[in-house]
Amino acid sequence: MAYWLMKSEPDEYSIDDLLRDKKSAWFGVRNYQARNFMRDDMKIGEGVLFYHSSCPQPGIAGIAKVASKPMPDKTQFEPGDYFEPKSTPEKPIWICVEVAAVKKIPLLSLATIRATPELESMRILQRGNRLSITPITDAEWNFINQHFVK
DNA sequence: GCCAACGTTGGC
DNA sequence: GCCAACGTTGGC
């Protein structure tokens with residue numbers, strides 16, 4: 001069992017959107033490392049911290065879980081921002097999973113994460129980290145659930 | 001809007 | 001395969 005943090009810009013897709021939809025494909029990831037986590041490592045039922053990025057109040061806004069096996073990201077075949085000319089249905093380049101809402105939590109702000117010694121190991125705090133999907137350790141997951149999830 | 005950090009591209 | 005140039009991310 002592993003745990004994950006997934007970033008989303010709330011203007012694009014927020015925890016409230018996921019609660020409304022119950023479940024959503026995590027399409028639009030165009031980074032190989034993040035894709036590989038979805039394709040190779042994420043398993044149905046694993047816990048996800050839903051992180052709001054590029055917004056006035058960045059931080060962890062809710063809990064979700066992995067809800068499907070890996071599947072082709074269909075937006076790579078559609079005209080628009082996510083189109084990938086090198087992809088074919090037989091050999092899709094971009095892979096995603098579905099994510100299901102669990103609950104919203106009181107915002108665990110980036111500032112609070114920074115100020116919490118038990119969370120200083122989190123990948124999102126490390127220098128230059130830009131990955132939109134990062135693993136979360138058991139210790140980090142348990143600490144956040146005990147202290148910040150109601 | 002700025003800028004540090006990192007990823008990707010493409011010429012050689 | 002190297003590496004400079006460019007693009008993107010994301011906090012501030």
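Residue numbering restarts at 1 for every chain, and letters A, B, ... go by the order of the sequence lines.
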Quiz item: Within a radius of less than 6.0 Å around CD of A/Glu78, do more than 12 heavy atoms belonging to other residues, nucleotides or ligands occur?
Solution: yes
Quiz item: Roughly, in whole Å, what's the span from CD1 in A/Ile60 to P in C/dG11?
Solution: 12 Å
Quiz item: Is it the case that more than 12 heavy atoms not belonging to A/Tyr3 sit under 6.0 Å from its OH atom?
Solution: yes
Quiz prompt | OP1 or OP2 of C/dG10 under 4.0 Å from side-chain N/O of A/Arg130 | solution = no
Quiz item: Counting only side-chain N and O atoms of A/Arg114, is one of them less than 4.0 Å from OP1 or OP2 of C/dC12?
Solution: yes
Practice problem: Ignoring backbone atoms, establish whether A/Lys7 has a side-chain N or O less than 4.0 Å from OP1 or OP2 of C/dG10. | Solution: yes
Self-check item: C/dG11 OP1/OP2 closer than 4.0 Å to side-chain N/O of A/Tyr51
Solution: yes
Practice problem: Rounded off to whole Å, could you give me the CZ-to-P distance for the A/Arg123 and C/dG11 pair? | Solution: 16 Å
Quiz item: Over how many whole Å does the gap from A/Arg30 atom CZ to C/dT9 atom P extend?
Solution: 11 Å
Quiz item: How long is the line joining OH of A/Tyr82 and P of C/dT8, in whole Å?
Solution: 12 Å
Self-check item: A/Asp73 side chain vs A/Gly28 backbone, donor-acceptor pair below 3.5 Å
Solution: yes
Quiz item: A/Trp26 and A/Glu98: side-chain donor and acceptor closer than 3.5 Å?
Solution: no
Quiz item: A/Leu131 has an atom CG; how far is it from atom P of C/dT9, in whole Å?
Solution: 12 Å
Quiz item: What integer distance in Å separates A/Leu125:CG from C/dT9:P?
Solution: 20 Å
